[in-house]
Enquirer: 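I'd like to ask you about the structure that follows.
For clarity, every value in this text was computed on a predicted model and none was experimentally measured. Only heavy atoms go into these numbers, but all of them, side chains included; no hydrogens, no water, no symmetry mates.
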Number of protein chains: 2
Amino acid sequence: MTTLWDRSRQVAVQEIVDTAVRLFAEQGYEHTTIAQIAREAGISQRSLFRYFGTKEDLVCGDQAALGELLKRTVQQQPAEVSVWDALRAGFEVILTANHTPERVLELSRLIFNTPSLHARYIEKRLCWQAELVPIVQARLGSGPESTPDPRAKAIVATVFACVDAATELWADHDGFLDLADLYDQCLAAVRGHS
Amino acid sequence: MTTLWDRSRQVAVQEIVDTAVRLFAEQGYEHTTIAQIAREAGISQRSLFRYFGTKEDLVCGDQAALGELLKRTVQQQPAEVSVWDALRAGFEVILTANHTPERVLELSRLIFNTPSLHARYIEKRLCWQAELVPIVQARLGSGPESTPDPRAKAIVATVFACVDAATELWADHDGFLDLADLYDQCLAAVRGHS
DNA sequence: GCGCAGTTGGCATTAACTGTCAGAAAAGCA
DNA sequence: TGCTTTTCTGACAGTTAATGCCAACTGCGC
């Protein structure tokens with residue numbers, strides 16, 4: 001059951017994120033201080049750090065939930081679907097699930113243009129990868145015996161690399177291109193059979 | 001010409017790095033302060049920050065030079081070599097060029113086990129990627145007209161993803177496996193023709 | 001020896017966090 | 001409604017990484 005606290009907290013979180021992203025877009029991430037965000041959002045600095053453990057989490061914060069969704073989607077793909085298609089299905093769900101395209105574009109630009117944010121973003125994605133590897137491993141079936149099997153790790157890492165490449169290109173072109181299409185082109189370039 | 005300053009500076013840098021890495025290994029990265037490193041290395045905090053712009057650079061510092069080497073190596077591969085082989089050649093040079101395997105193993109573990117270091121490491125690698133993309137683009141020849149060509153970006157990102165997967169696996173097994181071999185297995189899992 | 005260029009160390013300052021603790025606000029209960 | 005307990009908030013002080021500034025120092029050519 002959702003208490004009053006939970007609800008007002010969610011509203012507060014959204015409001016703070018909006019304030020922060022607006023300020024980041026206006027003056028740049030590095031030149032916006034936590035103190036300023038807290039002031040404009042009408043909250044104490046201390047509370048802000050209680051909501052978001054770090055400044056970076058103001059932008060990359062809700063990735064944990066998305067990771068869960070991705071994992072569940074991939075896991076629930078029927079067994080006859082190939083790993084590549086299963087992973088692709090997972091990303092399609094994520095892309096449509098979360099925000100409006102404009103919002104995604106805004107956040108993508110912010111992340112890609114801010115080194116420290118980009119690094120943090122990839123770090124979180126690495127956590128997704130680690131969680132997906134065993135699932136992919138299971139789908140691949142048993143590989144070489146006695147020596148560790150790098151296939152799952154490699155496939156997952158590659159898919160993420162292509163998603164990243166496609167997203168960056170998409171953001172560079174202001175969202176005028178089709179993201180799923182770009183992803184398919186990336187994967188085709190890597191795997192050959194275009 | 002190398003002056004006395006340059007030489008003593010290089011010695012100092014090496015000494016500081018050794019001190020820092022030793023302390024990081026002993027007490028963990030986060031629990032080692034700049035003040036302590038400076039004290040043990042017999043240098044002022046201020047100077048330490050002049051040698052290494054950030055705490056992370058104590059570990060990931062010489063990546064800039066490695067990136068240059070990688071770029072040059074890939075660029076100098078003969079034209080008949082495929083992009084995949086050219087990139088592979090670049091990484092082989094890097095792996096053998098720098099440190100002893102033990103040192104690489106120690107640094108790899110430190111980086112993979114420390115989130116903030118991992119993030120910085122990835123950030124630097126992203127710079128390498130950005131520099132390699134035009135080179136790979138040139139090797140691929142002109143692709144689709146009028147629409148941006150995602151191939152180079154995708155290929156470079158994939159190669160890095162496989163290097164990363166292989167390196168992590170290699171570090172997990174204390175360096176007992178062959179890194180180049182792991183890389184080939186990763187790429188084979190992705191590209192099919194094993 | 002003498003000045004010059006580059007280097008170093010100390011000091012002050014900023015900004016991201018963290019620990020603590022008293023007090024406010026909500027929840028649960030009579 | 002009133003009271004207790006739980007949970008959250010804000011203020012304050014403190015830590016750590018990082019930067020700017022300036023004065024003192026060091027090697028080097030003259």
Enquirer: Need one value for A/F52: base, sugar-phosphate or nothing, where a base atom within 4.0 Å counts as base even if backbone is also close, heavy atoms only.
Expert: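 No contact.
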Enquirer: Quick one: A/F49 CZ to D/dT16 P, roughly how many Å, whole number?
Expert: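 Distance, rounded to whole Å: 16 Å.
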Enquirer: Among D/dA17, C/dT8, D/dG10, which nucleotide sits nearest the side chain of B/T33?
Expert: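 Nearest nucleotide to the side chain: D/dA17.
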Enquirer: What integer distance in Å separates B/L48:CG from C/dT7:C1'?
Expert: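 Taking atom C1' of C/dT7 as the reference, CG of B/L48 is at 15 Å.
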Enquirer: With side chains defined as the heavy atoms from C-beta onward, is the minimum distance between A/I37 and A/L58 less than 4.5 Å?
Expert: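 Yes; the side chains approach each other to less than 4.5 Å.
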Enquirer: Nearest of C/dA16, D/dA18, D/dC21 to any side-chain atom of B/R50?
Expert: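 Comparing C/dA16, D/dA18, D/dC21 against the side chain of B/R50, the answer is D/dC21.
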Enquirer: Between D/dT15 atom P and A/Q45 atom CD, what is the distance in whole Å?
Expert: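 From A/Q45 CD to D/dT15 P: 18 Å.
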Enquirer: Expressed as a whole number of angstroms, how long is the span from A/I43:CD1 to D/dA11:P?
Expert: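 The distance from CD1 of A/I43 to P of D/dA11 comes to 11 Å, rounded to the nearest Å.
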Enquirer: Is it true that the NZ or CZ of B/K55 lies under 6.0 Å from the centre of B/F49's six-membered ring and within 45 degrees of the ring axis?
Expert: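 Verdict for B/F49: no cation-pi partner in B/K55.
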Enquirer: Check A/K124 with A/D57, please: is the shortest side-chain N to carboxylate O separation under 4.0 Å?
Expert: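 Here A/D57 pairs with A/K124 in a salt bridge, since their nearest N and O are under 4.0 Å apart.
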Enquirer: Name the closest nucleotide to the B/S47 side chain, picking from C/dA16, D/dT9, C/dT8.
Expert: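 Closest nucleotide among those given: C/dT8.
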Enquirer: By nearest atom, which of the nucleotides D/dA18, C/dC17, D/dT9 is closest to the B/E56 side chain?
Expert: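 Between D/dA18, C/dC17, D/dT9, the one nearest the side chain of B/E56 would be D/dA18.
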Enquirer: Taking the side chain as every heavy atom from C-beta outward, state whether A/V13 and A/F52 have any atom pair closer than 4.5 Å.
Expert: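 In short, these two side chains touch, coming nearer than 4.5 Å.
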Enquirer: A/K55 has an atom NZ; how far is it from atom C1' of C/dT18, in whole Å?
Expert: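 It is 17 Å, rounded to the nearest whole Å.
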Enquirer: Taking only side-chain N and O atoms of A/Y51, does any of them lie within less than 4.0 angstrom of OP1 or OP2 on D/dT9?
Expert: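 True: A/Y51 side-chain N/O within range (under 4.0 Å) of D/dT9 OP1/OP2.
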Enquirer: Report which part of the nucleic acid B/T32 touches: base, sugar-phosphate, or nothing (heavy-atom distance under 4.0 Å, all strands).
Expert: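 If one applies the 4.0 Å heavy-atom cut-off, B/T32 turns out to touch the sugar-phosphate alone, with no base involved.
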Enquirer: For A/R46 and C/dA15, what is the distance between atoms CZ and P respectively, to the nearest whole Å?
Expert: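 Answer to the nearest Å: 19 Å.
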Enquirer: Just the rounded figure in Å: distance from P of D/dC8 to CD1 of A/I16.
Expert: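 Distance check: A/I16 CD1 to D/dC8 P gives 14 Å.
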Enquirer: In whole angstrom, what separates A/L58's CG from C/dA16's C1'?
Expert: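 From A/L58 CG to C/dA16 C1': 12 Å.
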Enquirer: Less than 4.5 Å apart, side chain to side chain, heavy atoms only: is that true for B/F112 and B/T167?
Expert: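 B/F112 vs B/T167: side chains touch.
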